[in-house]
Amino acid sequence: MIEMKNKIKILIASVIIAVVVILIGIFVGTTELKESADGEQNTTEDSSSGESTTAETESGKETTAEDVTSESESTLDNETSTQETETQTEAQTTLSGDFVEQNPVSGTIDPGKPMVALTFDDGPAGSKTGRLLDALEQYGAHATFFIVGNRIPGDEENIKRAAALGCEVGNHSYSHAKLTSLDDASVANEIHSVAETIKSLTGQNTVICRPPYGAVDERVQAVVDAPVILWSIDTRDWETRNAAQTIANIQQNVQDGDIILMHDIHAESVDAAVQIIPWLQQQGYQLVTVSELAYYKRGGLSKNERYGSIR
C-alpha cells in the first residue's frame, strides 16, 4: 500500500515538472519570437532610414549640379560680355584712323537720350533761312544746312549766324550738279572751292558733303574727300509744297538717329520746320547737327563712309 502511494506521488511530481518545463519552453519561445520580430522591424526602419539618407544625398548632389551650372552660365555671360566689349573696342580703334577732324559739338547733349538731325538743302535762301534760324534759336535747337555755292554771295550773314548758333554748314556743290555725270576734275571744281568758302565763313574744321540728288559712287566719294551725308527720312517737301504733309511724314516715321531731309528755299518747308522743331522736342528728341549725331552715336565721321541714318 505504502509503495503504491509513493508511486502516485512520484507520478504527480513528474506531471508537475513536465507542465513546468512545458510552460517555461512556451515562455522562452514567445520571447525569442518577439525579439526576432522586433529585430526585423528595426532592420526595416534602418533600411528605410538609409534610403531617406540616400535621397537627401542625391538632393545634395542635384543642388551642387545646379550651383555648378549657374556658375558656368555666369562665367559664360562674363566671357561673352568681355568679348563684346573687346570687339567694340577693336571696331572703334579700326574706325578712328578714318575719322575726320571733329566740328564743334554741344556739351549739353545727353548721349543717353534720342536725337535726330534736321537737314536743309539748297540754301541759303535769304529771309526764309533767316526765319528758320529764328526758330532754331528760340528752341535751342541745331540743324545742318547743305548750301549751294552759287547762292552764297550776298547771303554770307545767314551762314555765319547758323554757325554762331551751333548749327553746321555742309557742301551741296557749287551749281547743284549731278556729280556722277561729271569727270573727276569737274567734281573737284564743284566741291572744293565751296568747302574752302564754308571753312572761311564758319571756322569749321570739316565740311561734310551731300551730293545733289544723292548721286554718289566710290569714284565721286574719293574726289569729294569728305564724309558723305544722305538721309533716312525724305519729306518730299520740294514736291508736295504742303507743310501739313511734311509734318505728318516726319511724325509718322521719325526714329532715334534719323537724318531728315528738307529744303529751306521753300516757304512751306520753313512753315513745317517751325512747327516740327518744338514737336520733336516734346517727344523727347534732341535736335543736333549731323556731326554731333555721329560723335555721340559712333565717335565721329569718316570720309570713307556714306551715312543715311546714324544709330
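All of these numbers come straight from a predicted model, not from anything done at the bench.
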Show the numbers, then the answer: is there a salt bridge (charged side-chain N to carboxylate O under 4.0 Å, His left out) between R131 and D271? CA-CA 9 Å; R131 183 180 171 220; D271 292 340; 2.5 Å; yes

Is the closest side-chain donor-acceptor distance between T240 and N242 under 3.5 Å? no

In this structure, are over 12 heavy atoms from other groups packed under 6.0 Å from E239 atom CD? yes

Closest contact, heavy atoms only, L230 versus P211: CD2-CD, 4.5 Å

Between D183 and S186, do the side chains contain an N or O donor and an N or O acceptor separated by less than 3.5 Å? yes

Determine whether a donor-acceptor pair (N or O, by modelled atom type, separation under 3.5 Å) exists between the side chain of R151 and the backbone of D122. yes

Go through L201 and V169 one step at a time and tell me if the side-chain contact (heavy atoms from CB on, under 4.5 Å) criterion holds. CA-CA 10 Å; L201 291 172; V169 182; over 6 Å; no

Does a salt bridge link R311 with D256, judged by any charged N lying under 4.0 Å from a carboxylate O? no

To check you understand the geometry: which heavy-atom pair defines the closest contact between L132 and A273, and what is its length? CD1-CB, 3.7 Å

Shortest non-hydrogen pair, E190 vs L179, comes out as CB-CD2, 4.0 Å

Could you go through I159 and I198, starting from their C-alpha distance and side-chain angles, then the distance that decides it, and tell me whether this counts as side-chain contact (heavy atoms from CB on, under 4.5 Å)? CA-CA 8 Å; I159 298 171; I198 292 172; 5.7 Å; no

Establish whether I265 and M262 are linked, either directly or via other cluster members, by ILVMFWY side-chain heavy-atom contacts under 4.5 Å. no

Judged by atom type as modelled, is there a donor-acceptor pair below 3.5 Å linking the side chain of D155 to the main-chain atoms of G126? yes

T289: side chain to side chain contact (heavy atoms under 4.5 Å, CB included) partners, not counting sequence neighbours: H142, T144, E168, S291, E292

Looking at every non-hydrogen atom in both residues, tell me the closest pair between L182 and R219 and how far apart they are. O-NH2, 2.9 Å

Separation of N253 CG from I233 CD1 (nearest 0.5 Å): 5.5 Å

Is it possible for you to say whether Y296 and V288 belong to one hydrophobic cluster, with membership spreading through side-chain heavy-atom contacts below 4.5 Å? yes

H172 and F146 aromatic ring geometry - parallel, tilted or perpendicular at 30°/60° bounds: tilted

Parallel, tilted or perpendicular: which describes the rings of H266 and H263, with under 30° parallel and over 60° perpendicular? tilted

Working to the nearest 0.5 angstrom, can you tell me the gap between Q204 CD and E101 CD? 11.5 Å

Residues in side chain to side chain contact (heavy atoms under 4.5 Å, CB included) contact with E137, at least two apart in sequence or another chain: R161, L165

Rounded at 0.5 Å granularity, tell me how far CD1 in I260 sits from CG in N249. 9.0 Å

First locate atom CD of E156, then atom OG1 of T202, and finally report the distance between them rounded to the nearest 0.5 Å. 12.5 Å

CG of D121 to OH of Y213: how many Å apart, nearest 0.5 Å? 11.0 Å

Value for CD1 (I250) from CD (Q252), rounded to nearest 0.5 Å, stands at 10.5 Å

Counting only heavy atoms from other residues, nucleotides and ligands, does the tally under 6.0 Å from NZ of K178 exceed 12? no

Taking all heavy atoms of C167 and all of L136, pick out the closest pair and write down the distance. SG-CD1, 3.9 Å

Give the intermediate values and the outcome of side-chain contact (heavy atoms from CB on, under 4.5 Å) for residues D225 and K303. CA-CA 6 Å; D225 197 34; K303 67 180 180 180; 3.3 Å; yes

Pair S232-D258, side-chain donor/acceptor within less than 3.5 Å: yes

Side-chain donor/acceptor pairs under 3.5 Å, residues 106-116, sequence neighbours excluded:
residue: S106; atom: OG; partner: T108; partner atom: N; Å: 3.1
residue: S106; atom: OG; partner: T108; partner atom: OG1; Å: 2.7
residue: D110; atom: OD1; partner: G112; partner atom: N; Å: 2.9

Treating Ile, Leu, Val, Met, Phe, Trp and Tyr as nodes and any side-chain heavy-atom pair under 4.5 angstrom as an edge, say whether V224 and V207 lie in one connected cluster. no

Can you tell if the side chain of R210 reaches within under 4.5 Å of the side chain of L261, non-hydrogen atoms only? yes

Any donor-acceptor pair under 3.5 Å from Q221 side chain to E305 backbone: yes

Would a hydrophobic clustering, with Ile, Leu, Val, Met, Phe, Trp and Tyr connected at side-chain separations under 4.5 Å, put I259 with V100? yes

Check the pair T129 / D264 against side chain to side chain donor-acceptor pair (under 3.5 Å), numbers first and verdict last. CA-CA 6 Å; T129 301; D264 55 327; 2.7 Å; yes

Would you sort out whether T206 and N103 count as a side chain to side chain donor-acceptor pair (under 3.5 Å), showing the intermediate values? CA-CA 6 Å; T206 297; N103 286 331; 4.6 Å; no

Quick check: closest heavy atoms across S173 and P212, and the distance to 0.1 Å? OG-CG, 3.4 Å

If we ignore hydrogens and angles and just use 3.5 Å, is the side chain of N171 paired with the main-chain N or O of I191 as donor and acceptor? yes

Tell me, with the steps shown, if Y307 and R298 meet side-chain contact (heavy atoms from CB on, under 4.5 Å). CA-CA 12 Å; Y307 301 89; R298 297 190 186 178; 3.6 Å; yes

Counting N and O atoms only, with roles assigned by atom type, does the side chain of Q281 sit under 3.5 Å from a partner on the main chain of Y139, one being a donor and the other an acceptor? yes

Count I, L, V, M, F, W, Y as connected when their side-chain heavy atoms are under 4.5 Å apart, and connections chain through other members. Are I208 and V105 then in the same cluster? yes

